[in-house]
Amino acid sequence: MSVPNIRIPFNKPFLTGNELHYIEQAVKTGKISGNGIFTQKCHHFFESKYGFKKCLLTTSCTDALEMAAILLNIQPGDEVIMPSYTFVSTANAFVLRGAKIVFVDSRQDHPGMDENKVEELITSKTKAIVVVHYAGVACDMDIIMDIASRNQLFVVEDAAQAIDSYYKGKALGSIGHLAAFSFHETKNIQCGEGGMLVINDPQFEKRAEIIWEKGTNRSAFFRGEIDKYGWVDIGSSFLPSEVTAAFLWAQLENLDEIQLKRNKIWNEYFLQLSSENGERFFRLPIIPEYACNNAHMFYLVFEKSADREICIQNLKANGILSVFHYLSLHRSSFYKNLNNSKNELSHSDFYSDCLLRLPLYFQLNPDEVRFITSIIKKH
Ligand SMILES: *Cc1c(COP(=O)(O)O)cnc(C)c1O
């Protein structure tokens, strides 16, 4: 989408300065395909910093979710519970295996899924719960993990937005049986297109590597564990090249600095917009006490979609691009055709109509944030 006269875009990918340097190094090693030195550096970084059991870089979060669906052995007719207010890939990865998607509503106070409405959706066909940590803010994982263990279900964390975020001190992505991260250029840490599958349940470790390597036991072969490799399972080409991993490594080296800066920007938004100037016609984001803020996103929730539209137009007239977010998946044409579904998810629909995301990227400075908030408050 090209909008004339936009001076403050919604997102600007941030470069740390070392990306090309590491890419050159990767190219000069002569092994540019996947699972080389930089891939292993990235895996090790995540495993040691966040306590993830095993990490596999993927070419996207979408791919990581598809790997999760294969690993859980999702079969046609199996049911998977997830929020409707999420990105297409959360559901699509499981639809590809033939699953029926059962949507749960968002919370009243937060766009994340309502943990207390999950249990009533479980049937004898339910196989898994996919939680989405919306805006990088944790779902209440104690509730989810308790439901899952009592009903013998698997939990996948769609942690696409949730790098460097915690639930009661535990890193998001380390709690579910599996988790998927995104390093798309719109996320906090990025490599253009990229992602990662986290395997916390050891029973999936071996098979994950095989699925990752086109259904072959090539990884075990390169470690010298077997003397020839072959086709042993289904799989695909899920691993990124060393060029991608080298780019990502340059970002990881600066993760703390990136997070510090993003949090500063987020806090400036919060400070400026909480100072009451006349009547408030929007809500600010809520971070529950068990969660933490990784400053992935700053959003406003308007009372009416008409108010949101006025705000978008006012910002645009001042050269600022703000954008709304998901159209609830249960209202998508694909899902409606597939399921002839009439279920109402009123909170999810409400956030589709009334939530607005503001520009948030490393290079945004405090003056620009104050300029943006002054326009919002002038309404
Ligand atoms: C960004 C995102 C994805 C998709 O990530 P890709 O790396 O682009 O495949 C999936 N789920 C959620 C919640 C996201 O925000």
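Excluded from the calculations below are hydrogen atoms, water molecules and symmetry mates; all remaining heavy atoms, backbone and side chain alike, are included. Atoms within a ligand are numbered from 1 in the order they appear, just like the ligands themselves.
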Counting from 1, what ligand 1 atoms have a heavy atom of [X] closer than 4.0 Å?
{"X": "Val132", "result": "13 (C)"}
{"X": "Gly194", "result": "7 (O)"}
{"X": "Ser60", "result": "7 (O), 9 (O)"}
{"X": "Lys187", "result": "1 (C), 2 (C), 14 (C), 15 (O)"}

Report yes if Ser182 has an N/O atom closer than 3.5 Å to an N/O atom of ligand 1; otherwise report no. yes
Polar contacts were defined as any N/O atom of the residue lying under 3.5 Å from an N/O atom of the ligand; does this apply to Gln161 and ligand 1? yes
Partner set under ring-ring contact (aromatic ring centres under 6.0 Å, His included) for Phe183, not counting sequence neighbours: Phe46
Atom 4 (C) of ligand 1 has as its nearest protein heavy atom Phe87 CD2, 3.7 Å
Shortest protein contact, atom 12 (C) of ligand 1 (heavy atom only): Ala160 CB, 3.3 Å
Mind checking whether [X] contacts ligand 1 via backbone (N, CA, C, O), side chain (CB onward), both or neither, at a 4.0 Å heavy-atom cut-off?
{"X": "Thr62", "answer": "both"}
{"X": "Tyr326", "answer": "side chain"}
{"X": "Cys61", "answer": "both"}

Would you say [X] has more than 12 foreign heavy atoms packed within less than 6.0 Å of its [atom1]?
{"X": "Lys206", "atom1": "NZ", "result": "no"}
{"X": "Phe324", "atom1": "CZ", "result": "no"}
{"X": "Ile226", "atom1": "CD1", "result": "yes"}
{"X": "Glu225", "atom1": "CD", "result": "yes"}

Measuring from atom 13 (C) of ligand 1, which candidate in Asp158, Asn92, Thr186, Leu65 has the nearest non-hydrogen atom? Asp158
Is a side-chain donor-acceptor pair under 3.5 Å present for [Y] with [X]?
{"X": "Asp105", "Y": "Ser348", "answer": "no"}
{"X": "His347", "Y": "Tyr85", "answer": "no"}
{"X": "Asn294", "Y": "Gln259", "answer": "no"}

